[in-house]
Visitor: 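Structure provided below as C-alpha cells; questions to follow.
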Amino acid sequence: MITLKYEFNRIEKKWQDRWTQENIYHTPNSSDKPKFYGLVEFPYPSGHGLHVGHARPYTAMDVVARKRRMDGYNVLFPMGYDAFGLPTENFAIQNHIHPAKVTEQNIANFTKQLQMLGYSFDWDRVVDTTDPGYYKWTQWIFLQLFKKGLAYKTSMPVNWCTSCKCVLANEEVVNGGCERCGSEVIRKEKSQWMLKITEYAQRLIDDLDDVDFIERVKTQQKNWIGRSTGAEVTFKTTQGDDLVVYTTRPDTLFGATYMVLSPEHPYINQWKDVLGNWDEVTAYVEAAARKSDFERTELVKEKTGVKLEGVRGINPVNGKEIPIFISDYVLVSYGTGAIMAVPAHDDRDWEFAKKFGCEIIEVVKGGDVEKEAFTLKDDTGIMVNSDFLNGMTVKDAIPVITEWLTKEGIGHQKVNYKLRDWVFSRQRYWGEPIPLVNCEKCGWVALPEEQLPLLLPEVESYEPTDTGESPLAPMTDWVNTTCPCCGGPAKRETDTMPQWAGSSWYFLRYMDPKNTEALASKEALEYWGQVDWYNGGMEHTTLHLLYSRFWHKFLYDIGVVPFAEPYKKRTSHGMILGEGGEKMSKSRGNVVNPNDVIAQYGADTMRMYIMFIGDFEKAAAWSDNAVKGCKRFLDRIWNLAENVAEGDEYSKDNEALVHKTIKKVSDDIENMKFNTGIAALMTLTNQFYDKGVNKAEFKTMLQMISPFAPHMADELWEQFGFEGYASTASWPVYDESKTIASEVTIAVQVGGKLKSTVTVPMGSEEAAVMEIVTADSKIAKLMEGKEIVKVIHVPNKLVNLILKPKA
RNA sequence: GCCGGUGUGAUGAAAUUGGUAGACGUAGCGGACUCAAAAUCCGCCGCUGGCGACAGCGUACCGGUUCGAGUCCGGUCACCGGCACCA
C-alpha cells in the first residue's frame, strides 16, 4: 500500500510542525494519570551549538519520556538554558556585543537544533537562568540563605584562576587547574561570599541511602564529602597555649613524638617573640604562601619544614616534651590545622621524621618501624609501649583512649569532613548580582524582596580586571545606593554568583515556570514532588549534583519544598568519542555535528544510532558506518509497509516473538539498555522479512519504534489510518504466557561439554527428554560401551550426562 | 597510595545473573537482480587441523569450587575514571 519513498527530511519536518501545532507534548499541572518527571541537564548555550554529546542523554530520556507517556503517565519532560557563564561573556568582550544578545542568539540556535531532533519537550516550560524573571528567584533563595546565616563573607585564601581572573570553588579545581579552562590556579587571599554547605555534610551523606542513584555517583559524593571519625586532643605547650590536634588514630598517642602546624596556623604569629628562629620561620611561611596548589600537593617532592625553636608541646598521655615543626604537608583547612605526628605508623610522618631526625616509637606491633611506617590495613594490631593500652587491639584501644581523654578533659571524639564551604562569589559580569548592600552602620544588609530582581546594570566594559575586582565595581551609579535598613549611604556587592547558582534549583522552576509570586506554586511543587529520574554527566557529581542537593535541603528546611531530596533516581551516560576512540575536539578535527548527520540520514536515524551505539553508561566511539546500519534498519521497516497483510491478530508464526519483543523492549527502555532493545526490534524485523507480517503485528512494531524514531512511526501510523498518533498511542502489552514457544531446543552435554542439541516440547520431564536424547545419533555413538552415572536435567535448558565405561 | 570500573571475534557489542559464548550491527567474502554501479534481497563469517563428516582449542593471565564458570572464590597483569600530604 505504500509507494512513497522514505523521504525523511520531508517527513520529519512535517511531523515536527504537526506536533507543535497540535501541542501534543504539552503537560498539564494536574491529571488523573500518575505523574512522571524525567529530567536531563539543561545545556549551556554556547556559540558552537549542540553537539552529539548532548544528543545521547537527551535522546535517552526522550525515549523514556515517550514510552512513559504511552504507558499512561502525565509526563513532565522539560528543557531550558543555563545561560550565565564565561564563554558568552568572553565572546561578548571580543565582539563588542552585549552578553544578553549573544545569549539570545545562542538559545535560538539551540532551540532549533533540539527541535530538529524531534524531542518531546514541553516547550511552554522553557526556562533561561539569565531571564530576570528567573534569576529573581535565584537571588531570593540566596537571600533566604543569608537570612539563615548560611551565607557569610570572609577573607581567606581562595583558588584564583589566572586566566578567568576569578575565584573558583574547590569543586572547580581539577588537578590543580581550572575546571573550565585548565589554566593554573593560584591561592589568593580574598574576601568572598561563602555558603555553608558543610553544615549539610552529614545529611548529604545520610540521605544518599534514600535515593536510587547509581553506585558510582554515591561513592564519589561520599568520597568528596570525606567523613572521618577520630578525636580532637589538646596538647599543652611550654608557652602555656593549648594546641588542639585532630587525629583518626588516638590509639597511637603514645607514639606521638613531635607536632606539626600548617604554615598558616595563627599560633606562629602569636609566638613571634619567643621563637628563636623567627627569620627562618617567616621565610618558610612566605615561601609556602607563594606556592600554587599544584606545587604544594605534588607528591614526589620531599617533605620540607622548620622546627620552632623556643616552644615545645607536651604529650598529654605521658607528659613528655616534644618538638613542634611547621610544614606545608599539614593543611590549614582541614581539622585544626595542626597534627600530632606518629612516625612509626604514618607514612608522611615517618618520611618527615627520618629527614628531621625525630624519634620513632613503635606502638603497634608487627612491623619494622626503622625501615618503614607500619600502617595497618585492618585494626587487629596489638598495642605496645602504650601504658594502659598495651595488649589491646587497635580496635579496642580507640574507644578506651577516647573515653580516657574525655574523662581527663583533654580530648573528645570528633567527626571531620573534607568538604569545605562553597566559595560563592565571582569577579565577573555575566552572572546573577548578589542582592546585598554594605552599610557603614548596619553592615551587610539584604535587599527587600520587593526590590528583586536586582538587575545587572549596563556596563561599559565587561572585562575582568587584574586587580580581582568585579567589572561592576567601577559602576559607581549602581554601586552607591542607600541602606534599606537605615537609609544611610551604602554600597552594593559587586561580585556575582557562580554559574552553579541558577542550575541549583532550575528543575523546580519547570514545575511552574511563569510564576511571579514564588519560585513555583505550592500546588505545583506538591504535585510534581521529586524528579523521578534525572540523567546527567558524571562530571557534575561533585559540582551541580551536590550543590543542588544542598540547596534543595535548605529549601526543604525553610518549608518551600515538600521533599528533602530533589532527585529520586540518578543515572549517568558515557561520553561519545570521535571515530578513532579519541575525545572529540576541534583540534583533532573529529567533531561530529548533529546537523550534518540529520541532513544526511535524518533525525530518526541519528536517534536510533545514538541509542544503539553501545552500553549507555560507557564511553562509545562514533562510527559513520554503524550510522548507515541504523538507516538501513529504518529503511527495512519502511519497505516492509508495502507487504503488510491484513490481520487483526498476531499470526501463529509471529505471535511468540512479538510478545517476547514487547517484553524485551519494555524492560530494556526502563533499564536504559537501549542497544539490546533495538537489537530485539531488528530481530523482529528480520523475522517479518522471513515469515511475513500482518497489520496487527506491524502496528505493534510502530508503537515500539515510536520512542526511538517518532517521525517515521507517526508517518506510517497515519498512512495505515490508525487512530491518533503513534506518539500518543498506548504502549503495547505482552502476554507472558504467549512469549513461550511450544518447542524448545536444548543443549545435550556429556561431562559438561556440549555434544549435541535436541528439540523437545516445552516443559518436558526428564524421562521424556532422555528418550529423545538417547535416540540422538551423536549421543548414541558416545554412549556405546558406556553407562550413565548421573543425569543433570535443567528443564528447557539442557541435559548433562555423566558417563563411565561399562564394567 | 585510596575508591570505583573495565578486559569477550577484524570491529561496536550480547549472554535471561551458574546452563548451547559471540544475539544484533558494522566490515569482509559469495550469490541473485542490473549493460554497469549504487541500492535492495539471499547466504557464509571465533581460531587451528581436515576435501569432508568431524576433532581440538577459545571470554587478559595463573589457580580453585562445580556435573557445568565469561559469570562465583583466591592471586597476577593491563587499561580507564574519580580523589589525593584530609592526619
Side-chain angles (χ1 to χ4, degrees), chain A residues 174-176 214-224 226-228 230 245-249 252 256 260 262 296-299 301 303 327-331 333-342 345-349 351-352 375 377 416-420 538-539 541-542 574-575 581 609 612-615 617-630 632-633 635-636 639 660 663-664 667 673 675-686 689-690 745-757 778 789-802:
Chain A
V174 178
N175 293 329
I214 50 171
E215 218 42 49
R216 53 194 175 131
V217 168
K218 288 191 184 184
T219 48
Q220 228 167 281
Q221 287 208 343
K222 279 183 194 159
N223 287 347
W224 184 259
R227 181 195 151 106
S228 71
V245 302
Y246 172 72
T247 177
T248 55
R249 291 294 301 278
T252 61
V260 188
S262 71
R296 224 177 128 159
T297 57
E298 226 174 349
L299 271 183
K301 67 156 201 210
K303 296 268 177 293
S327 172
D328 63 5
Y329 86 89
V330 174
L331 311 172
S333 48
Y334 185 76
T336 61
I339 62 156
M340 64 175 210
V342 185
H345 304 289
D346 181 282
D347 291 323
R348 296 152 302 179
D349 296 346
E351 196 189 322
F352 189 91
T375 54
K377 288 200 182 69
N416 256 319
Y417 303 92
K418 289 195 235 176
L419 186 71
R420 295 177 219 171
M538 280 308 288
E539 70 276 17
T541 303
T542 53
M575 221 193 311
Y609 173 62
F612 188 61
I613 192 166
D615 185 333
E617 288 202 7
K618 290 197 203 120
W622 186 268
S623 158
D624 279 328
N625 269 326
V627 178
K628 285 180 203 152
C630 287
R632 207 169 286 161
F633 168 52
D635 283 338
R636 276 165 70 79
N639 295 334
K660 237 165 112 174
K663 180 178 158 71
K664 176 78 179 153
D667 292 350
K673 302 192 109 198
N675 52 338
T676 51
I678 292 168
L681 289 168
M682 289 172 169
T683 305
L684 184 63
T685 305
N686 291 344
Y689 267 78
D690 188 27
T745 301
I746 67 166
V748 185
Q749 299 180 339
V750 174
K753 293 202 171 194
L754 181 73
K755 292 295 172 187
S756 184
T757 56
K778 283 183 206 164
V789 181
K790 193 177 174 188
V791 175
I792 293 115
H793 175 237
V794 184
N796 303 326
K797 284 267 155 53
L798 58 70
V799 281
N800 186 10
L801 310 178
I802 313 303

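We name chains A, B, ... by the order of the sequence lines, and we start the count at 1 in each one. Quick caveat, the model's predicted, so the values are computed rather than measured.
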Visitor: Tell me the interatomic distance from A:D615, atom CG, to B:rG5, atom C1', rounded to whole angstroms.
Guide: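 Rounding to the nearest Å, CG of A:D615 and C1' of B:rG5 are 11 Å apart.
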
Visitor: Would you mind checking if A:E215 and A:K222 are paired as a salt bridge, meaning a charged N to carboxylate O distance below 4.0 Å?
Guide: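 Not counted as a salt bridge, because no side-chain N and carboxylate O are separated by less than 4.0 Å.
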
Visitor: Within the 4.0 Å heavy-atom criterion, would you say A:R420 contacts the bases, only the backbone, or no part of the nucleic acid?
Guide: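 The residue A:R420 makes base contact.
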
Visitor: If you measure from the C1' atom in B:rG58 to the same atom in B:rG49, how many Å do you get, rounded?
Guide: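 Comparing C1' positions in B:rG58 and B:rG49 gives a spacing of 15 Å.
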
Visitor: Atom pairs under 3.5 Å, N or O on each side, protein against nucleotides 54-57 of chain B: can you list them with distances?
Guide:
unit_1	atom_1	unit_2	atom_2	d
B:rC57	OP2	A:K753	NZ	3.3

Visitor: Over all strands shown, is A:S623 touching base, sugar-phosphate only, or nothing at heavy-atom distances under 4.0 angstrom?
Guide: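 Counting heavy atoms under 4.0 Å across all strands, no contact is made by A:S623.
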
Visitor: More 5' along RNA chain B: A:F612 or A:L419, using each one's nearest nucleotide?
Guide: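 Its nearest nucleotide lies further toward 5', so the answer is A:F612.
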
Visitor: Are OP1 or OP2 of B:rU26 and a side-chain N or O of A:R632 less than 4.0 angstrom apart?
Guide: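 Checking B:rU26 against A:R632, a side-chain N or O does come within under 4.0 Å of OP1 or OP2.
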
Visitor: Hey, does A:T745 reach any base, or is it just sugar-phosphate, or nothing, if we go heavy atoms under 4.0 Å?
Guide: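 It contacts base atoms.
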
Visitor: Does B:rG9 sit syn or anti, given that only angles within 90° of 0 count as syn?
Guide: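 For B:rG9, whose glycosidic angle is within 90° of 0, the conformation is syn.
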
Visitor: Side-chain N or O of A:N675 versus OP1/OP2 of B:rG25: is the shortest distance under 4.0 Å?
Guide: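 No, outside the criterion.
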
Visitor: For B:rG1, give its Watson-Crick or G-U wobble partner with both distances under 3.5 Å, or none.
Guide: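 Partner of B:rG1: B:rC83.
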
Visitor: Who does B:rA60 pair with, Watson-Crick or G-U, both distances under 3.5 Å?
Guide: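 Matched B:rA60 with B:rU76 under the 3.5 Å cut-off.
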
Visitor: Name the nucleic acid region contacted by A:N416, choosing base, sugar-phosphate or nothing; use a 4.0 angstrom heavy-atom cut-off, strictly under.
Guide: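 Nothing, no nucleic acid heavy atom in range.
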
Visitor: Given the C1' atoms of B:rG70 and B:rA21, what is the spacing between them in whole Å?
Guide: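 7 Å, rounded to whole Å.
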
Visitor: What heavy-atom pair brings A:A747 and A:L754 nearest, and what distance separates the two atoms?
Guide: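 It is CB-CD1, 3.6 Å.
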
Visitor: Quick check on B:rA23: is either OP1 or OP2 less than 4.0 Å from any side-chain nitrogen or oxygen of A:N686?
Guide: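 Answer is no, no contact under 4.0 Å.
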
Visitor: Please work out if A:K218 contacts a base, only the sugar-phosphate, or nothing of the nucleic acid, heavy-atom cut-off 4.0 Å.
Guide: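 The residue A:K218 makes no contact with any strand.
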
Visitor: Who does B:rA36 pair with, Watson-Crick or G-U, both distances under 3.5 Å?
Guide: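 Here B:rA36 is not engaged in any pair, so there is no nucleotide opposite it.
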
Visitor: Take atom CZ of A:R636 and atom P of B:rC24, then tell me their distance rounded to the nearest Å.
Guide: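 So the two atoms are 11 Å apart, to the nearest Å.
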
Visitor: Here's a test of your reading of the structure: between A:K628 and A:T676, which maps to the more 5' nucleotide of RNA chain B?
Guide: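 Counting from the 5' end, the first nearest nucleotide belongs to A:T676.
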
Visitor: Taking the P atom in each of B:rA39 and B:rC45, what is the distance between them to the nearest angstrom?
Guide: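 The answer is 23 Å between these two P atoms.
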
Visitor: Using a 4.0 Å heavy-atom cut-off across all strands, classify A:I613 as base, sugar-phosphate, or nothing.
Guide: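 Counting heavy atoms under 4.0 Å across all strands, the contact made by A:I613 is with sugar-phosphate only.
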
Visitor: With C1' as the reference atom in both, quote the distance from B:rG22 to B:rU59 in angstrom, rounded to an integer.
Guide: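 Per the computed distance, 9 Å lies between those C1' atoms.
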
Visitor: Using a cut-off of 4.0 Å on non-hydrogen atoms, how would the nucleic acid contact of A:Q749 be classed: base, sugar-phosphate, or nothing?
Guide: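 Answer is base: heavy atoms of A:Q749 come under 4.0 Å of a base.
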
Visitor: Which one is paired to B:rC41, where only Watson-Crick or G-U wobble pairs with both distances under 3.5 angstrom count?
Guide: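 When the pairing criteria are applied, B:rG31 turns out to be the nucleotide that pairs with B:rC41.
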
Visitor: For the residue pair A:Y329 and A:F352, categorise the inter-ring angle as parallel (less than 30°), tilted (30 to 60°) or perpendicular (more than 60°).
Guide: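 If you compare the ring of A:Y329 with that of A:F352, the planes turn out tilted.
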
Visitor: Please work out if A:N800 contacts a base, only the sugar-phosphate, or nothing of the nucleic acid, heavy-atom cut-off 4.0 Å.
Guide: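 Base, at least one base atom sits under 4.0 Å.
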
Visitor: Once you apply the 3.5 Å cut-off to both distances, tell me the Watson-Crick or G-U wobble partner of B:rA55, or none.
Guide: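 B:rA55 is paired, partner B:rU48.
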
Visitor: Taking CG from A:D328 and P from B:rA84, how many angstroms apart are they, rounded to a whole number?
Guide: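 The distance from CG of A:D328 to P of B:rA84 comes to 16 Å, rounded to the nearest Å.
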
Visitor: Using the P atom on both, measure B:rG46 against B:rA32 and round to a whole Å.
Guide: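 The answer is 24 Å between these two P atoms.
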
Visitor: Using atom C1' in both nucleotides, what's the gap between B:rU16 and B:rU71 to the nearest angstrom?
Guide: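 It comes out at 13 Å once rounded to the nearest Å.
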
Visitor: Taking CG from A:L754 and C1' from B:rG70, how many angstroms apart are they, rounded to a whole number?
Guide: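 Answer to the nearest Å: 16 Å.
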
Visitor: Under 4.0 angstrom, heavy atoms only, what part of the nucleic acid is A:G614 near: base, sugar-phosphate, or nothing?
Guide: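 Nothing: the residue A:G614, judged by heavy atoms under 4.0 Å, touches no strand.
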
